[in-house]
Amino acid sequence: MSLPRTLIRDIGSRVGAEVKVQGWVKTIRDQKKMQFLLLRDHTGVVQATVERSPAKAALNGIISSLTRESAVTVIGTVVANPIVKMGGVEIVIRELTVEAPSDGLIPIDPAGPVEPNPEVRLNWRFLDLRRPETALIFQVQTALEHAMREYWIREGFVEIHSPKLMGSPSEGGAEVFALEYFGRTSYLAQSPQFYKQMAMAGGFDRVFEIGPVFRADPSFTARHATEFTGIDMEMSWVDSHEDVMAFEEQWLRYALERTQAQWGDAIHEVFGVDVRVPAVPFPRVSMDEALEIVARKGHVFPPERRGDLDPTGERLLGEYAMERYGHEFVFVTDYPVDVRPFYHMRHPDAPKVTKSFDLLWKGVEVTTGAQREHRYHVLVAQAKEKGLSLEPIQFYLDFFKYGCPPHGGFGAGLSRMLMVVLNQPNIREVTFLFRGPTRLHP
RNA sequence: GGGGGCGUGGUGUAGCCUGGUUAACACACCUGCCUGUCACGCAGGAGAUCGCGGGUUCAACUCCCGUCGCUCCCGCCA
């Protein structure tokens, strides 16, 4: 039976034992009498050494011709040695196998002193991912998503996977990608909106979906992508959008509590930011109030904007939430009908105002939600008012003809949340492989 | 889509404004040396038709125009 692999983070507890370590060669210091290697796996870095001697000539030769970033298997004895600055422990190598050598000239150096330009990093993303700081992003993402799912499942939600190929464009707003489909045109889903509502009409009560969504918008900002992972949920028998917000804040509090517990220290060390578990309830301001607050902070809106915040306004409102409530989050509620889609329910006593909300986190829009209009005739009237042609969305309107419960939900962006929680300036770096208007490779 | 900035060895930058030597520096790479390194050190070496095309000029990395790519801000949104 072959020696099982030891992860580098566990080396310290294996002093005196022979271990097998597998990873990449981070540094080679090939000296006259001693050879030093730094080996890295996804859990840490350890020093491995060999003395130069005639008895070890073969091994010495292998190490002399090693290249940095080669993938290797090392077998050796763990030795406690106070001279070693890194943990006081090293591996005395008995055997080294080069599983796959690395070309000497690496396009980017994962162990290098300076970070290459964003373009180079994206071109060679797999090398960039070898950097522990980059890898941490996706460990955090895993924890965050896991906690979200855990909370949903505990609350009786059903996970769905809706199709991304659509026979007709989903409701207006963002642009859609069209593609050839056996002689017809199909469209890539901009969101699972219609289908998660279908699940409500189907009696699922509560559903969530984490999956890809596509937006054909030529957006050139630090927080837009043409394909991203959407986080969506929908719940039945709500009285208003307030029920949805109340759910979301509990759900987020739980997800951040779990993420903070598991990765808070690492995030602090690598990104210099503390994951704060938010107090519940989050502050709420209506759009009318939001506009006043932002105006008091001296931000003048261009005249063509009617009742919506621009990114600067969102940032200022985020500042306000922190100053006034010491809170990173703030719900903005009651958006005017003009800036919301036809399926958002309207206030019975204020028909120009929707029962909707956005959630801002550190001044960045991370969620849009609402109570949906579930009454067929009202929904049809609202679609007509928005100038939509009913025929392409008739399949959707049909959901509401046979007893659809009152319901609401929200959609969030996974990478956007990751960007905010890690204080990263750009969505590209927190996306496994970014897709934008000019980025289709790798 | 609108506006600004930037493209120089494998990587990160300097040089450009105020055209004129072998285009410089750091890291990486190659060779040699080095009694335990730990950002190892020392000596030497290779590696760039300065994004691409055109123009001005005796002369263009440098100035002008175009083009492509990247990037930032605005718009759109998650």
Side-chain angles (χ1 to χ4, degrees), chain A residues 26-38 45-53 64-65 67-69 79 81-90 92 102-124 127-128 172-175 190-193 210-232 301-302 304-305 308-315 339-341 358-361 364-369 410-420 425-428 431 436-439:
Chain A
K26 181 175 185 263
T27 304
I28 303 162
R29 299 191 188 115
D30 188 0
Q31 300 187 171
K32 177 134 188 180
K33 300 228 167 165
M34 289 290 291
Q35 295 176 308
F36 302 89
L37 300 179
L38 297 185
V45 178
V46 69
Q47 173 165 290
T49 59
V50 191
E51 215 168 313
R52 273 192 185 275
S53 71
S64 288
S65 60
T67 49
R68 292 160 72 248
E69 293 303 319
V79 172
N81 187 344
I83 298 172
V84 181
K85 285 184 184 170
M86 201 170 41
V89 168
E90 65 184 355
V92 176
S102 172
D103 247 33
L105 276 182
I106 304 180
I108 70 175
D109 180 359
V114 291
E115 203 171 75
N117 287 326
E119 185 191 2
V120 180
R121 294 180 56 199
L122 292 191
N123 285 343
W124 296 95
L127 293 174
D128 191 45
E175 293 295 311
Q190 300 159 298
S191 85
Q193 184 61 36
I210 299 179
V213 295
F214 304 90
R215 305 283 167 90
D217 294 315
S219 296
F220 299 94
T221 77
R223 59 187 188 287
H224 286 86
T226 50
E227 174 180 353
F228 62 94
T229 302
I231 301 175
D232 274 88
F301 283 91
E304 69 272 14
R305 293 197 81 92
D308 201 359
L309 294 168
D310 59 10
T312 302
E314 288 172 349
R315 190 175 53 73
V339 299
R340 290 304 209 188
D358 274 11
L359 178 62
L360 308 185
W361 186 3
V364 177
E365 182 180 335
V366 293
T367 291
T368 295
F410 64 80
L414 178 59
S415 296
R416 239 182 223 196
M417 291 187 144
L418 217 47
M419 181 172 104
V420 175
N426 206 299
I427 201 168
R428 286 171 276 249
T431 306
T438 60
R439 172 63 67 169

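Atom set for the values below is all heavy atoms of this structure, side chains included, hydrogens, waters and symmetry mates excluded. In what follows, chains carry the letters A, B, and so on, assigned in the order in which the sequence lines appear, proteins first and then strands, with residues in each chain numbered from 1.
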Exercise. Can you name the salt bridge (Lys or Arg N to Asp or Glu O under 4.0 Å) partners of A:Glu69, sequence neighbours left out?
Worked result: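 Salt bridge (Lys or Arg N to Asp or Glu O under 4.0 Å) list for A:Glu69, sorted by chain: A:Arg40, A:Arg130.
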Pick base, sugar-phosphate or nothing for [X], based on heavy-atom distances below 4.0 Å to the nucleic acid.
| X | result |
| --- | --- |
| A:Glu119 | sugar-phosphate |
| A:Thr229 | nothing |
| A:Arg68 | sugar-phosphate |

Between [N] and [M], how far apart are the two [atom1] atoms, rounded to whole Å?
| N | M | atom1 | value |
| --- | --- | --- | --- |
| B:rU11 | B:rC68 | P | 23 Å |
| B:rA23 | B:rG47 | C1' | 14 Å |
| B:rC70 | B:rG32 | P | 43 Å |
| B:rG53 | B:rU21 | P | 23 Å |
| B:rC17 | B:rC72 | P | 28 Å |
| B:rC50 | B:rC25 | C1' | 16 Å |
| B:rC29 | B:rG10 | P | 15 Å |
| B:rC58 | B:rG19 | C1' | 12 Å |

Between atom [atom1] of [X] and atom [atom2] of [Y], what is the distance when rounded to the nearest 0.5 Å?
| X | Y | atom1 | atom2 | answer |
| --- | --- | --- | --- | --- |
| A:Leu37 | A:Ile28 | CG | CD1 | 6.5 Å |
| A:Leu414 | A:Thr431 | CG | OG1 | 8.5 Å |
| A:Gln47 | A:Asn81 | CD | CG | 8.0 Å |
| A:Met417 | A:Thr229 | CE | OG1 | 12.5 Å |

Exercise. Looking at B:rC73, B:rG36, B:rG75, which one has an atom nearest to any side-chain atom of A:Ala222?
Worked result: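 Taking heavy atoms from C-beta onward, the closest nucleotide is B:rC73.
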For this session: Could you please name the option among B:rG75, B:rU35, B:rC29 that lies closest to any side-chain atom of A:Lys33?
Result: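 Of all the options, the side chain of A:Lys33 is nearest to B:rU35.
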4.5 Å side-chain heavy-atom contact, [X] and [Y]:
| X | Y | answer |
| --- | --- | --- |
| A:Thr67 | A:Asp103 | no |
| A:Leu122 | A:Arg439 | yes |
| A:Trp361 | A:Arg416 | no |

For this session: Could you give me the stems involving RNA chain B, meaning stretches of three or more consecutive Watson-Crick or G-U wobble pairs whose two defining distances are both below 3.5 Å?
Result: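 Looking at RNA chain B, the stems formed by three or more consecutive pairs are B:1-7 with B:68-74, B:10-13 with B:24-27, B:29-33 with B:41-45, B:51-55 with B:63-67.
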Problem set entry | Near-parallel close stack of A:Phe228 and B:rA78 base (under 5.5 Å, under 30°) |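 Yes; by the centre-distance and plane-angle rule, A:Phe228 counts as stacking on B:rA78.
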Exercise. Between B:rC72 and A:Arg428, is there an OP1 or OP2 to side-chain N/O distance shorter than 4.0 Å?
Worked result: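 Answer is yes, contact under 4.0 Å.
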Exercise. OP1 or OP2 of B:rC70 sitting under 4.0 Å from any side-chain N/O of A:Thr438?
Worked result: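 True: A:Thr438 side-chain N/O within range (under 4.0 Å) of B:rC70 OP1/OP2.
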Whole Å only: how far is the [atom1] atom of [X] from the [atom2] atom of [N]?
| X | N | atom1 | atom2 | result |
| --- | --- | --- | --- | --- |
| A:Arg439 | B:rC70 | CZ | C1' | 9 Å |
| A:Leu418 | B:rA78 | CG | P | 19 Å |
| A:Glu227 | B:rA78 | CD | P | 16 Å |
| A:Phe410 | B:rC77 | CZ | C1' | 17 Å |
| A:Glu365 | B:rC77 | CD | C1' | 6 Å |
| A:Leu309 | B:rG75 | CG | C1' | 15 Å |
| A:Glu51 | B:rU35 | CD | C1' | 10 Å |
| A:Gln193 | B:rA78 | CD | C1' | 12 Å |

Exercise. Charged N to carboxylate O under 4.0 angstrom, A:Asp30 versus A:Arg52?
Worked result: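 Between A:Arg52 and A:Asp30 there is a salt bridge, with a charged N closer than 4.0 Å to a carboxylate O.
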Problem set entry | Selection residues 223-232 of chain A - residue pairs positive for salt bridge (Lys or Arg N to Asp or Glu O under 4.0 Å), sequence neighbours left out |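 The answer is A:Lys196-A:Asp232.
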Exercise. Any salt bridge (Lys or Arg N to Asp or Glu O under 4.0 Å) pairs touching residues 108-117 of chain A, not counting sequence neighbours?
Worked result: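 Only A:Arg68-A:Asp109, A:Glu115-A:Arg121, A:Glu115-A:Arg131 qualify under salt bridge (Lys or Arg N to Asp or Glu O under 4.0 Å).
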Look at the side chain of [X] and the base of [N], then say whether one donor and one acceptor between them are separated by less than 3.5 Å.
| X | N | value |
| --- | --- | --- |
| A:Glu90 | B:rG36 | yes |
| A:Ser219 | B:rC77 | no |
| A:Gln35 | B:rU37 | no |

Exercise. Closest heavy-atom contact between A:Val213 and A:Gly230?
Worked result: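 Smallest interatomic distance, heavy atoms only, reads CG2-N, 4.2 Å.
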Problem set entry | Comparing A:Pro425 and A:Asp358 on RNA chain B - which has the more 5′ nearest nucleotide |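 Upstream on the strand: A:Pro425.
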Exercise. Starting at the 5' end of RNA chain B, which residue's closest nucleotide do you reach first, A:Ile28 or A:Ile427?
Worked result: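 Looking at RNA chain B, the more 5' nearest nucleotide goes with A:Ile28.
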Problem set entry | B/S/- contact track for nucleotides 3-14 of chain B, protein heavy atom under 4.0 Å | -------SSSS-
Exercise. For A:Ala412, does its backbone N or O pair with a side-chain atom of A:Thr367 as donor and acceptor, under 3.5 Å?
Worked result: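 Checked: no pair found.
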Can you check nucleotides 32-34 of chain B for protein contacts, nitrogen or oxygen pairs under 3.5 Å, and list what you find?
residue: B:rC34; atom: OP1; partner: A:Lys32; partner atom: NZ; Å: 2.7
residue: B:rC34; atom: OP2; partner: A:Lys32; partner atom: NZ; Å: 2.4
residue: B:rC34; atom: N4; partner: A:Asp30; partner atom: O; Å: 3.0

Exercise. Are there more than 12 heavy atoms of other residues, nucleotides or ligands under 6.0 Å from atom CD of A:Glu51?
Worked result: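 Check fails, neighbour count at 12 or below.
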